[in-house]
Every structure is written in structure tokens, then in C-alpha cells.
K.L.:
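Could you have a look at this structure, given as C-alpha cells, before my questions?
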Amino acid sequence: VQLQASGGGLVQAGDSLRLSCAASVRPSSHYALGWFRQAPGKERDFVASISGSGDLTDYEDSVKGRFTISRDNAKNTVYLQMNSLKPEDTAVYYCAASFTSSTRVRVTTTRGYKYWGQGTQVTVSS
């Protein structure tokens with residue numbers, strides 16, 4: 001399984017970015033997908049997750065209402081739409097995949113994911 005994240009960059013506070021992650025998972029509907037982030041000197045934290053079926057999602061409290069996770073199983077891609085970005089959103093963002101027996105499982109912990117992408121830097125200036 002390989003994951004390739006892209007879409008990071010340098011933006012100003014209040015701007016938007018959309019991250020993408022191409023995941024070589026088959027069948028894609030049996031892989032929960034998630035986004036995590038890691039700021040310098042801090043642990044890798046959960047941001048959002050989506051079930052294989054695509055209709056169940058979870059978000060970390062600080063991003064609720066600003067970030068939206070979605071997936072296109074036909075393209076084996078997961079997205080993270082980030083709106084109203086804040087300087088505290090600055091971090092390296094990682095996508096992750098976990099095989100699940102059910103298509104309706106979300107995984108919200110780092111230990112729950114076996115496969116990780118390489119990360120993409122998001123920097124939000126004030």
C-alpha cells in the first residue's frame with residue numbers, strides 16, 4: 001500500500017487549501033482513511049477520518065466546521081478541504097490508511113493506521 005499526499009503550501013490566515021492523497025488500496029471501500037498533522041516538536045495528532053463507505057466522518061474539535069474530509073473510491077483518493085485556516089493549523093499533514101472488515105468504520109488514532117504517506121507541509125501565516 002502506498003499513499004502520496006499533495007496540496008500543501010504557504011497561505012495566509014483565512015485562506016483555504018485542499019489536500020489530496022492518492023492511496024493504492026484495494027478494495028478501497030474496505031480501507032478507512034485519515035488525516036493527521038504534526039507541528040514541530042509536537043506529537044502527530046488526529047485531524048479527520050472517513051469510513052470506507054464515505055458517509056461516516058470524524059473530526060478533531062478544533063477543525064470542526066472548517067475542515068471537510070471526503071473520498072472518491074473510484075479514484076482511490078481522499079481529500080481534506082481546509083477553510084478559514086489559522087496559524088495554529090501549521091504542520092506537516094499526513095494521510096493514512098487502515099484495512100477494515102466493515103466499510104462503516106472510522107479510525108481516529110495513530111495506532112489504528114498501518115499505512116502512512118510521506119506528509120505535505122502546510123504553513124499559515126498571520
Side-chain angles (χ1 to χ4, degrees):
V1 173
Q2 293 185 331
L3 298 99
Q4 181 72 38
S6 62
L10 172 62
V11 298
Q12 293 185 333
D15 286 351
S16 298
L17 273 178
R18 188 176 83 154
L19 305 183
S20 299
C21 177
S24 63
V25 291
R26 302 284 189 283
S28 55
S29 61
H30 277 272
Y31 279 82
L33 298 173
W35 288 98
F36 290 73
R37 64 186 178 186
Q38 187 167 19
K42 296 188 177 181
E43 294 183 350
R44 190 171 299 186
D45 292 329
F46 168 75
V47 175
S49 67
I50 189 166
S51 63
S53 59
D55 59 338
L56 300 175
T57 58
D58 267 316
Y59 296 93
E60 190 270 329
D61 286 346
S62 69
V63 307
K64 286 180 181 178
R66 299 189 299 123
F67 291 11
T68 302
I69 188 171
S70 62
R71 65 189 294 163
D72 184 337
N73 284 347
K75 296 181 179 179
N76 293 317
T77 301
V78 61
Y79 305 97
L80 185 67
Q81 177 66 44
M82 305 185 294
N83 299 329
S84 303
L85 282 162
K86 305 176 180 180
E88 51 264 43
D89 295 318
T90 295
V92 177
Y93 283 71
Y94 297 89
C95 57
S98 176
F99 178 82
T100 58
S101 57
S102 168
T103 62
R104 300 183 61 74
V105 172
R106 292 151 290 176
V107 181
T108 62
T109 63
T110 54
R111 287 179 294 179
Y113 286 95
K114 181 177 181 179
Y115 306 104
W116 293 85
Q118 86 290 0
T120 184
Q121 176 71 47
V122 172
T123 303
V124 184
S125 64
S126 58

K.L.:
Can you tell me how far CG of Asp72 sits from OH of Tyr79, rounded to the nearest 0.5 angstrom?
P.N.:
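If we round to the nearest 0.5 Å, Tyr79:OH and Asp72:CG are 5.0 Å apart.
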
K.L.:
Checking side-chain polar atoms at under 3.5 Å, does Ser6 have a donor or acceptor matched by the opposite partner on Gln4?
P.N.:
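The answer is no; no qualifying pair exists.
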
K.L.:
Quick one: does Asp45's side chain get under 4.5 Å of Glu60's, heavy atoms only?
P.N.:
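When only atoms from C-beta onward are counted, Glu60 and Asp45 do not touch, as no gap falls below 4.5 Å.
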
K.L.:
Does the pair Thr123 and Val11 meet the rule for a side-chain contact (heavy atoms from CB on, under 4.5 Å), with working shown?
P.N.:
CA-CA 6 Å; Thr123 303; Val11 298; over 6 Å; no

K.L.:
Not counting sequence neighbours, list each pair that qualifies as a salt bridge (Lys or Arg N to Asp or Glu O under 4.0 Å) and has a residue in residues 46-55.
P.N.:
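Every pair satisfying salt bridge (Lys or Arg N to Asp or Glu O under 4.0 Å) with a residue in residues 46-55: Asp55-Arg104.
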
K.L.:
Under 3.5 Å, is there a donor on one side chain and an acceptor on the other for Thr100 and Ser102?
P.N.:
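The criterion, which ignores hydrogens and geometry beyond distance, is not satisfied for Ser102 and Thr100.
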
K.L.:
One pair to check against ring pair (Phe, Tyr, Trp, His ring centres under 6.0 Å): Phe36 and Tyr113. What are the steps and the verdict?
P.N.:
CA-CA 11 Å; Phe36 290 73; Tyr113 286 95; 5.4 Å; yes

K.L.:
Begin with the C-alpha distance, continue with both residues' side-chain angles, and end with the deciding distance and a verdict on side-chain contact (heavy atoms from CB on, under 4.5 Å) for Trp35 and Leu19.
P.N.:
CA-CA 10 Å; Trp35 288 98; Leu19 305 183; 3.6 Å; yes

K.L.:
Which heavy-atom pair separates Tyr94 from Gly117 by the least distance, and what is that distance?
P.N.:
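Shortest heavy-atom contact: CD2-O, 3.5 Å.
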
K.L.:
Looking at every heavy atom in both Arg66 and Leu85, which two are closest together, and how far apart are they?
P.N.:
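Nearest heavy atoms, Arg66 then Leu85: NH1-CA, 3.9 Å.
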
K.L.:
Considering non-hydrogen atoms only, spot the tightest contact between Arg37 and Asp89 and give its length.
P.N.:
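Heavy atoms of Arg37 and Asp89 come nearest at NH1-OD1, 2.9 Å.
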
K.L.:
Could Asp58 and Arg106 be called an ion pair, given the rule that one side-chain N must be under 4.0 Å from one carboxylate O?
P.N.:
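Salt bridge between Asp58 and Arg106, a charged N being under 4.0 Å from a carboxylate O: yes.
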
K.L.:
Any side-chain heavy-atom pair from Ser49 and Val107 closer than 4.5 angstrom?
P.N.:
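With C-beta onward as the side chain, the pair stays apart.
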
K.L.:
Step by step, would you call Tyr93 with Met82 a side-chain contact (heavy atoms from CB on, under 4.5 Å)?
P.N.:
CA-CA 12 Å; Tyr93 283 71; Met82 305 185 294; 3.9 Å; yes

K.L.:
State, with a plain yes or no, whether a side-chain heavy atom of Val1 is found less than 4.5 Å away from one of Leu3.
P.N.:
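When only atoms from C-beta onward are counted, Leu3 and Val1 do touch, with a gap below 4.5 Å.
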
K.L.:
What is the minimum heavy-atom distance between Trp116 and Thr110, and which atoms define it?
P.N.:
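For Trp116 versus Thr110, the nearest heavy atoms are CZ2-O, 3.6 Å.
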
K.L.:
Identify the heavy atoms of Phe46 and Tyr59 that sit nearest to each other, and give their distance.
P.N.:
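Heavy-atom minimum between the residues: CE2-C, 3.7 Å.
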
K.L.:
Identify the heavy atoms of Pro87 and Ala13 that sit nearest to each other, and give their distance.
P.N.:
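The answer is CD-CB, 4.1 Å.
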
K.L.:
Is it true that Asp61 and Lys64 have a side-chain N and a carboxylate O under 4.0 angstrom from each other?
P.N.:
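Lys64 and Asp61: salt-bridged.
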
K.L.:
Compare all side-chain heavy atoms of Val122 with those of Thr90 and state whether any distance is below 4.5 angstrom.
P.N.:
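Of all side-chain heavy-atom pairs linking Thr90 with Val122, none is under 4.5 Å.
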
K.L.:
Taking Val47 as the starting point, is it possible to reach Leu33 by hopping between hydrophobic residues whose side chains are less than 4.5 Å apart?
P.N.:
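Cluster IDs for Leu33 and Val47 match.
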
K.L.:
Name the atoms and distances for all side-chain donor-acceptor pairs under 3.5 Å in residues 21-29, with sequence neighbours left out.
P.N.:
| unit_1 | atom_1 | unit_2 | atom_2 | d |
| --- | --- | --- | --- | --- |
| Ser24 | OG | Gln2 | N | 2.7 |
| Ser24 | OG | Gln2 | O | 3.2 |
| Ser28 | OG | Asn73 | O | 3.3 |
| Ser28 | OG | Asn76 | OD1 | 3.4 |

